[in-house]
**Student:** 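Before I ask anything, here is the structure I am working with.
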Amino acid sequence: MRAKIRVTGIVQGVGFRPFIYRTAVKNHLNGYVRNRGDAGVEIVLEGEKSDIKNFKKDLRDKKPPLAHIYETITETLGGENRYKAFTIYKSSKELELSGSVIPPDVAICDDCLKELRNPEDPRFEYFFITCTDCGPRYTIIEGLPYDRENTTMRDFPMCSFCKREYSDPLNRRFHAQTVACPECGPEAYLTTSTGELIDHKDPIRETGKLLSEGYVVAVKGYGGFHVASSTILDKPLIRLREVKHRRQKPFAIMAPTLEAIRTFAEVAPRERKLLTSYTRPIVLLKKSRDHHLSDLVAPGLHNIGVMLPYTGLHYMLFDEVDDPAFVMTSANPPNQPIIKDDEEALKGLGEIVDYFLFHNRQIAHRSDDSVARVHGQRQVLIRRSRGYAPTPVILKEKSRRCTVGLGGELNNTSCVLLDDKAFISQHIGDVENIETRQFLEEATKRLIRLTNSKVEAVACDLHPKFATTLIARELAEEKGWQMVPVQHHYAHVAGLMAEHGVDEIIGICCDGYGYGVDGEAWGGEILFCTRESTGFGRLAHLQKQPLVGGDLATRYPLRVAAGILHGKANVEDWLLENKLQFPHGEKEIEVVLHQLRKVGSLIKTTSCGRVLDAVAALLGACYERTYEGEPAMKLESLATKGRDSLNLQPKIQGGTLETTGLVLEIFERKDQIPKADLARSAHVYLAEGLASLALEKAYEKGVRNIGFTGGVAFNGIIASRIREIVESSGLKFLVHETVPPGDGGTSFGQAVVAGLYAS
Ligand SMILES: [Zn+2]
Ligand SMILES: [Zn+2]
């Protein structure tokens with residue numbers, strides 16, 4: 001029998017051809033296997049029918065750990081047998097099928113880690129040791145098929161030893177494109193802040209020592225540069241905060257082992273699993289009672305973002321020091337993508353760092369670290385990037401057409417939806433300037449090309465002035481795609497529906513800001529969504545509150561509090577007591593009060609984020625938002641230490657959950673009740689109010705599913721309280737599992753609305 005099998009999926013860069021080779025030989029089959037330009041694999045087999053059957057069984061059951069098979073198409077070939085053996089053929093550039101993709105970067109595997117530490121091994125202490133099961137992929141690939149000459153490993157021709165392993169079917173590195181050793185692979189070297197080479201035999205361990213001593217070093221990794229420093233000494237951290245203009249934003253840290261992490265944070269079993277998974281995200285962990293790292297790492301927060309090393313280089317940084325962790329924060333100038341090129345790094349970081357630890361392999365595509373946290377037993381992805389992108393999210397059904405979603409403005413990603421797969425890009429960032437705009441366009445084009453997608457529609461936000469909306473309009477005109485604007489919160493809920501394959505849902509969608517269909521600022525919504533493309537119904541929302549000074553109110557939450565309390569309490573005296581919290585002091589307060597007298601003309605918002613912000617300011621947890629979500633995050637941290645002693649009944653009137661009463665109560669009792677308790681009570685009030693509104697609407701509509709999405713869904717206290725209420729009522733409670741609930745997930749929801757729910 002002769003047969004041709006075409007396989008789509010994640011089948012390049014995962015040791016698939018070597019596996020096919022071994023499986024064919026084992027089953028006495030001749031023929032060939034080759035990679036194709038569409039990221040798929042083509043196999044031709046000749047032999048007994050029963051052997052081919054066994055081959056296909058092995059293909060299903062024994063595929064390599066990183067491989068994902070989406071589809072196999074088998075056709076019987078006529079004619080005489082042609083092959084005398086089974087061979088791995090040179091790749092073809094053919095673009096035939098769609099929907100395959102290359103794997104994400106994968107953390108160093110246990111076998112490679114053992115070799116890294118084995119003095120007998122030729123790759124002993126080689127910082128970029130990899131095999132077919134591990135190493136960079138997405139960040140080094142410039143073109144398809146996935147062959148060394150199409151990656152940035154092209155600059156490193158294999159030595160005879162590596163070549164021997166690469167050509168040996170029995171070797172773990174048979175056809176491993178990233179194979180390298182100290183002889184032939186990339187090299188690491190240390191330079192001064194101006195790029196002058198420092199001659200050192202052991203630059204990586206020297207870097208570890210420098211960090212331990214209090215120096216700041218930029219470290220080049222797989223998908224970009226990190227800025228690294230001590231987590232114990234205050235001096236480098238103070239400096240880092242000054243020069244990076246990050247007064248409060250928490251720094252991610254890297255610890256060498258789980259044991260090291262346990263000296264300063266609590267690690268639950270589900271968190272351990274995430275930390276050690278091959279995706280190696282940053283996981284937000286609860287600081288332990290004997291937390292001994294500097295308060296400057298994650299100021300004012302009860303948790304801290306920690307990751308384990310994911311390359312040999314990272315492991316080696318810790319070899320000769322006792323530090324429990326190093327700061328490893330993405331090196332990106334304000335509002336710009338993570339730095340990936342050496343020149344760019346010298347220019348952008350030279351004044352921030354004391355040294356650079358470079359390696360001489362180019363980074364083809366940038367990718368930030370991913371961030372996750374765990375609620376109970378569930379993972380919540382805060383940022384889905386390295387280790388995940390471009391692995392698709394698999395839906396329960398196929399899209400009616402191929403679409404691309406460009407997301408919104410902040411924390412953005414893009415998404416290509418093809419059949420039942422949603423390919424979400426790496427983290428792009430805030431699309432507000434030329435650099436991030438370019439990054440978004442490049443990443444999107446690349447996803448389309450990698451998956452060989454034929455896009456028919458481009459989805460974007462409803463906001464007419466977002467940069468992403470303008471890009472969508474340009475693309476629609478240029479390519480003849482249909483343009484589909486999608487309301488921000490509808491995108492969140494639609495994404496949640498698609499993830500779970502449900503037909504209708506009452507969605508609780510809470511975040512900071514989304515442009516509403518009425519042009520107002522939404523952010524605390526109860527939506528009824530079905531699969532009809534006619535859209536959604538806004539059934540209820542939080543009480544509308546004035547934003548004094550528009551964007552200034554987002555930055556200085558005391559303004560929101562003043563807006564809510566105006567006319568209900570003596571705001572004037574209280575503002576004057578807090579005049580130091582206003583950049584322009586009394587003068588500014590005068591302006592605020594003046595605006596409040598004409599409250600009717602102010603912009604209103606239903607944002608849940610703004611209410612949390614206001615409470616944070618009232619309780620002194622945060623007066624100025626220096627990074628996205630800061631007041632709400634600090635309020636959650638405060639609330640973890642308190643109990644709900646206020647015990648307020650949610651006040652609901654005609655589809656509106658009132659918030660003025662809550663804020664007023666907190667204002668009036670802030671000097672009598674512990675602040676942590678009040679913080680807790682605010683969380684509980686909002687959670688219970690939102691849950692009962694959602695339940696009421698679910699009964700009205702006869703809907704069995706209630707979902708929770710939007711940036712506020714990161715909040716552990718609110719999410720778990722809503723869950724308790726919904727589940728005890730017997731309805732189903734749905735949250736995101738594979739897509740971020742925040743704005744990193746909106747591109748996905750948009751693509752779903754334009755593709756899956758299109759008429
Ligand atoms: Zn490996
Ligand atoms: Zn070599």
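Counting convention: from 1, in listed order, for ligands and their atoms alike. Hydrogens, waters and symmetry mates are skipped; everything else that's a heavy atom, side chains included, is used.
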**Student:** Look at the rings of F16 and F19 and say which category their plane angle falls in: under 30° parallel, 30 to 60° tilted, over 60° perpendicular.
**Tutor:** tilted
**Student:** Output yes when a side-chain donor or acceptor of S230 lies under 3.5 Å from a complementary backbone atom of I232, and no otherwise.
**Tutor:**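 Looks like yes, one N/O pair under 3.5 Å.
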**Student:** With sequence neighbours left out, write down each residue that passes side chain to side chain contact (heavy atoms under 4.5 Å, CB included) with E737, or none if nothing qualifies.
**Tutor:** E499, H500
**Student:** May I ask you to say whether R280 pairs ionically with D369, meaning some side-chain N is under 4.0 Å from a carboxylate O?
**Tutor:** no
**Student:** Any carboxylate oxygen within less than 4.0 angstrom of a Lys/Arg side-chain nitrogen, looking at D105 and R386?
**Tutor:**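 No, no charged N to carboxylate O under 4.0 Å.
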**Student:** So which pairs with a foot in residues 83-100 pass salt bridge (Lys or Arg N to Asp or Glu O under 4.0 Å), sequence neighbours left out?
**Tutor:**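 Output for this query lists R6-E96, R34-E94, R36-E96.
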**Student:** Measure distances from the Zn ion (ligand 2) and count the protein N, O or S atoms below 2.8 Å.
**Tutor:**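 For the Zn ion (ligand 2), the figure is 4.
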**Student:** Compute the centroid of each ring, for Y355 and then for Y215, and state whether the two points are separated by less than 6.0 Å.
**Tutor:**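 Y355 vs Y215: aromatic centres under 6.0 Å.
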**Student:** For the Zn ion (ligand 1), how many protein N, O or S atoms lie at less than 2.8 Å?
**Tutor:**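 Considering protein N, O and S only, the Zn ion (ligand 1) has 4 within range.
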**Student:** Could you label the plane-to-plane angle of the H359 and F128 rings as parallel, tilted or perpendicular, counting under 30° as parallel and over 60° as perpendicular?
**Tutor:**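 Ring orientation of H359 relative to F128: perpendicular.
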**Student:** Establish, yes or no, whether a centroid distance under 6.0 Å links the rings of F174 and Y21.
**Tutor:**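 Distance test on ring centres: under 6.0 Å, yes.
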